Amino acid sequence: MTYKLVSREFRKDDLILDIGGVEVGGDKVVVIAGPCSVESVDQVLKVAKEVKKLGAHMLRGGAFKPRTSPYSFQGLGEEGLKMLSTAREETGLPIVTEVMDPRDIPLVSKYADVLQVGARNMQNYTLLKELGRANKPILLKRGFSASIEEWLGAAEYIAVEGNRNIILCERGIRTFETHTRFTLSVVSIPYVKKLSYLPVIADPSHATGRRDLVIPASRASIAAGADGLIVEVHPEPEKALSDGAQSITVDEFSELIKEVRKIAEAVGRKL
Ligand code: PEP
Ligand code: MN
C-alpha cells in the first residue's frame, strides 16, 4: 500500500480528532447514536436527549438518504438538518450526518460537525475531492464491495486535497451470507489500524441489519480495537421510515452502553 498521507508507514503516531470537545482515536471509545433518518423534530429531540443521558457522545441522523428505491423516503433535506441543529442546541451533542452530493457540501457543513460519506458513495471521487477541501471532519464508510485497499484509497483522495481529519467506518461488506444484511468484517478493524493511523469505528446496525445482533456486533468491534461505534437508535423502531429492523430501542441502547463499557475496560479503554 503506497498511500503516503493515510498510511502508517509515513506517520508513526495515531490521529486524535477533537470534535466539539469529543476526542476520537484516543483512549476513550466514542459512541455515535441516533436514528437512521431524521423524521420529525420530536423524534430527533427525543432520541438525542435519551442517548445523551445514557452516555452517547455524538448524534447521528440522515437528512439526505441514499435509498435503494427512488420511491422510498428520501430524507427531509435542509429541514432535517435544522432539526439536528436544534437537537445539538438542546443536548450539546455534535452532529454526524451524510452528504451525498458535492453541491450540498456548503449546506450540510452549515449544520453538521462531521460529514458522513455513505457506503454507496465511497468511490464517488468527485465528492471525495470536494470533501478534501471542506472544513469539517469526514466519516468515511467502507463501501460494501470495497477492499481495504480501495477504502484507504478513498481516504487518500480526501487527504490529498488537504483534509486529514478522517474517521474510517467498517459497516459490513457483502458476502454470500443472507441471514444478515451485510457481514461485519471484524478483522478489518485491527488490520486497517495496522495499515493506517486514522481512527476506525464500526457500524453494527448496517453490518447486521438485525436489532438482536447489534449488541454482539458492538462488543466484537470494540474487542477488535475499534475506536468507537455508530449505532441506529429509534424511539419506536417499528414505525421508523428507514432501517427499522436494525434500529434498537432506547432500552436496548442502555444495555449496549453497559456491555460495551465492560469490553472497553477489558481491552484497556474507557467509555
Ligand atoms: C446510514 O448511516 O444510514 C447509511 C445509509 O449507511 P451506509 O452508507 O453504511 O449504508
Ligand atoms: Mn440506516
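Indexing begins at 1, ligand by ligand and atom by atom, following the structure's order. All of these numbers come straight from a predicted model, not from anything done at the bench. All values below come from the heavy atoms of this structure, side chains included, with hydrogens, waters and symmetry mates left out.
For atom 4 (C) of ligand 1, the closest heavy atom belonging to the protein is His206 NE2, 3.4 Å. For atom 2 (O) of ligand 1, the closest non-hydrogen atom of the protein is Arg60 NH1, 2.8 Å.
Donor-acceptor pairing under 3.5 Å is lacking for the side chains of Arg67 and Ser242. Using a 3.5 Å distance cut-off with no hydrogens or angles, the side chains of Glu89 and Thr86 do not pair a donor with an acceptor. Looking only at atom types and distance, the side chain of Glu232 has a donor-acceptor partner in the side chain of His206 under 3.5 Å away.
Taking the Mn ion (ligand 2) as reference, Glu232 places its N/O/S atom OE2 nearest. Among heteroatoms of the N, O or S kind in Asp243, OD2 lies nearest the Mn ion (ligand 2).
Below 4.0 Å from some heavy atom of Lys65 lie the following atoms of ligand 1, by number and element: 1 (C), 3 (O). Which parts of ligand 1 touch Gly118 is read off a 4.0 Å heavy-atom cut-off, strictly below it: atoms 8 (O). For ligand 1, the atoms closer than 4.0 angstrom to any heavy atom of Cys36 are 3 (O).
Between Phe144 and Arg174, the closest side-chain pair of non-hydrogen atoms falls below 4.5 Å.
In the displayed structure, Asp101 atom CG is contacted under 6.0 Å by more than 12 heavy atoms of other residues, nucleotides or ligands.
If you check each of Arg67, Lys141, Arg171 against atom 10 (O) of ligand 1, the one with the closest non-hydrogen atom is Arg171.
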